[in-house]
2 protein chains.
Amino acid sequence: MPSEADGGITLIPIRGMGEVHPGDDLVDLLVAALSSPGLELRDGDVVVVTQKVVSKAEGRLVAIDTADPAAKAALVESESVRILRRRGELVISETKHGFICANAGVDLSNVASGQAALLPLDSDRSARGIVDGLRGRMGIEVGVIISDTFGRTWRRGVTDVAIGCAGVAAVVDLRGTEDAGGRELQATEVCVADELASAAELVMGKDRNVPAAVVRGVPSSWLRRASVADEIVRPPSEDLFR
Amino acid sequence: MPSEADGGITLIPIRGMGEVHPGDDLVDLLVAALSSPGLELRDGDVVVVTQKVVSKAEGRLVAIDTADPAAKAALVESESVRILRRRGELVISETKHGFICANAGVDLSNVASGQAALLPLDSDRSARGIVDGLRGRMGIEVGVIISDTFGRTWRRGVTDVAIGCAGVAAVVDLRGTEDAGGRELQATEVCVADELASAAELVMGKDRNVPAAVVRGVPSSWLRRASVADEIVRPPSEDLFR
C-alpha cells in the first residue's frame, strides 16, 4: 500500500477526546486520545484541531438566549469590527482578528443549550501552546493548525480553513520557481494551511464528533515557524472586495 | 498503521503521466500510470485530475504572444461574461461556467511557450468521461474531480477547488442532522469536492509535475451522481458580492 515514503499523505481522525469544558487542557486530552495503538504521534505530523474545542477549553463561551435572534445579532456585532453584508439573519463581517466570515464566527452548534462559542482570542497562540505542550509531554515536534468552517463568496458549501497555526507553514511561496517546462510560475503562493484544514475535515465531519485529526506525510520544508495572522489574513490595502 | 478501515483517508500522487498533448486520451494515461505496483485503483477511490492536463488533452490551448500584456487581457475578456474587479494586470471575472476567479482561468504556466491554456468547456462532462473510461477499461467505479487553483477574496494564497466532478458529491448536505449534543446543525452544507481538491493538491504540488492523485477512503455515501455546475456554482440571486 502507498505510504508517506512514496510522497503520499495520510489523514487520521483522532477519536475519543470526549466533551471539552472550560479549563480543560487540550494537550492532556490529545495525549490521552493519541495513546491508542497504531495512532502514536510522530515528528513531522501536523495535528489539526477544530476551533470549537479550542474555544471551549479556553472558556470562550457566553450565555445567550438562543431563541432570540436579536441576542445573537448583538453578539455578532460585538465580535465584529466591520459589517460587510447582511441578508436576513446572516451577517458577513470582519472580526477583530481580520477574518471575514459569517456571523463573526459566533457558533451555536455543538455547544450546550443557552451558550454560544466565540472564536479564540488568538488562534496562532492557541496553536503554539499545543505545539509546545506536545513537545513537552511527548518529546515530539509537530505542526498544529486550528481550523474553522467558513463559507465562500461565490461557491456554495462551506469548507474548513486555518484560523491559527504553529510549526507548519500557512502559505508556501512557489513564486519564482520554475514549472515543469522551465517557465517561471505565476501566482503560486499556496495556502497549504487552508488545504491541510480542508483535508483534515474530510475525516472529522461535523456530525461525527471527531474534533481533531493527524495529517501525516507533509513535506518537511513546510514545518517551520508560521502564523495565520501574518501570512493569510489579507490586509485591506490588498483587498478588492471589502 | 492507521488505514481507511479506521476512517482514515490516504492521498496518493499519480506520477509518470508524462507531458499531455491535444488529442491524448487521459484515461489511457491514467491507466498506464496506475499500473505501478501498489497503486492499483479500487472501487470507491476518488481520482483528482488537474485542469491543466484536461485542458491540454481537450485541445483547449490558444496561441498567444506571452510578452504582450494586451494579448492576454484580450483573451481574458473573451473568456469572461462579467468583469468584477481589475487591479493592474489582475482581472477578477466571471467565466462562462459561472466561476469567479482570476484572469478567467487563462493560464500561461506549465504550457508550451507561446500558448495559453483555457478552462475546459464543461469540466463536469470531462469528469464523467474519465469515470466512464476507467469503468470501461478497468471495471471499477470511481469518483473523479477536475481541480483548478483559485484565489480567495479575503485570504492570501491560492488553494485548489473543484471545477468539475462525477461519481462523487460536490456538496454534502448535513442540514437538519443533529450535532453531538442533539441540537440541529446550522449552515452545514459541506463542499467536500473542494476539500477533496485541496487535499489532493497537498501531494501534487505545482512544481513537481504530478497532475493527478488518488483519494482513498472517502465515505461511500459521497459516491453518487453530482455536478459542480449544479451544486457549487452560486447563482447571482444568492450572491452578496457580485
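Within every chain, numbering begins at 1; the chains are lettered A, B, ... in the order of the sequence lines, protein sequences first and strands thereafter.
The CG atom of Asp160(A) sits 5.5 Å away from the CD atom of Glu195(B) when rounded to the nearest 0.5 Å. Rounding to the nearest 0.5 Å gives a distance of 10.0 Å between OG1 of Thr153(A) and CD1 of Ile92(B). Interatomic distance, CZ of Phe241(B) versus CD1 of Ile100(A), reported as 7.5 Å (0.5 Å rounding). Within the model, atoms OG1 of Thr159(A) and CZ of Arg152(B) stand 8.0 Å from one another, a figure rounded to the nearest 0.5 Å. Note that the OG1 atom of Thr10(A) and the CZ atom of Arg216(B) stand 11.5 Å from one another [nearest 0.5 Å]. Going from atom CG of Asp239(B) over to atom CZ of Arg156(A) covers 11.0 Å, rounded to the nearest 0.5 Å.
No other option in Val215(B), Val171(B), Leu196(B) has as many heavy-atom pairs under 4.5 Å with chain A as Leu196(B). The most heavy-atom pairs under 4.5 Å with chain B, out of Val218(A), Val161(A), Val192(A), Val228(A), come from Val161(A). Per-residue heavy-atom pair counts under 4.5 Å with chain A were compared for Ala199(B), Ser198(B), Gly98(B), and the maximum is reached by Ser198(B).
In this structure, Glu189(B) and Val158(A) have side chains that are not in contact, with every pair of non-hydrogen atoms separated by 4.5 Å or more. When side chains are defined from C-beta on, Leu202(A) counts as touching Trp222(B), because their heavy atoms get closer than 4.5 Å.
Looking at Leu90(B), only its side chain comes within 4.5 Å of chain A, counting heavy atoms on both sides. Residue Asn103(A) does not touch chain B at all, counting heavy-atom pairs closer than 4.5 Å. Only the backbone of Val233(A) has a heavy atom closer than 4.5 Å to any heavy atom of chain B. The parts of Glu238(B) that come within reach of chain A are both its backbone and its side chain, each placing non-hydrogen atoms under 4.5 angstrom from that chain.
Between Leu240(B) and Arg85(A), the shortest heavy-atom contact is O-NE, 2.6 Å.
In this structure a side-chain-to-backbone donor-acceptor pair under 3.5 Å is present from Arg234(A) to Arg155(B).
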Start with the C-alpha gap between Trp154(B) and Ile232(A), add the side-chain angles, then the distance that decides, and say whether side-chain contact (heavy atoms from CB on, under 4.5 Å) holds. CA-CA 8 Å; Trp154(B) 304 298; Ile232(A) 298 181; over 6 Å; no
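For CD of Glu40(A), the number of neighbouring non-hydrogen atoms (other residues, nucleotides, ligands) closer than 6.0 Å is greater than 12.
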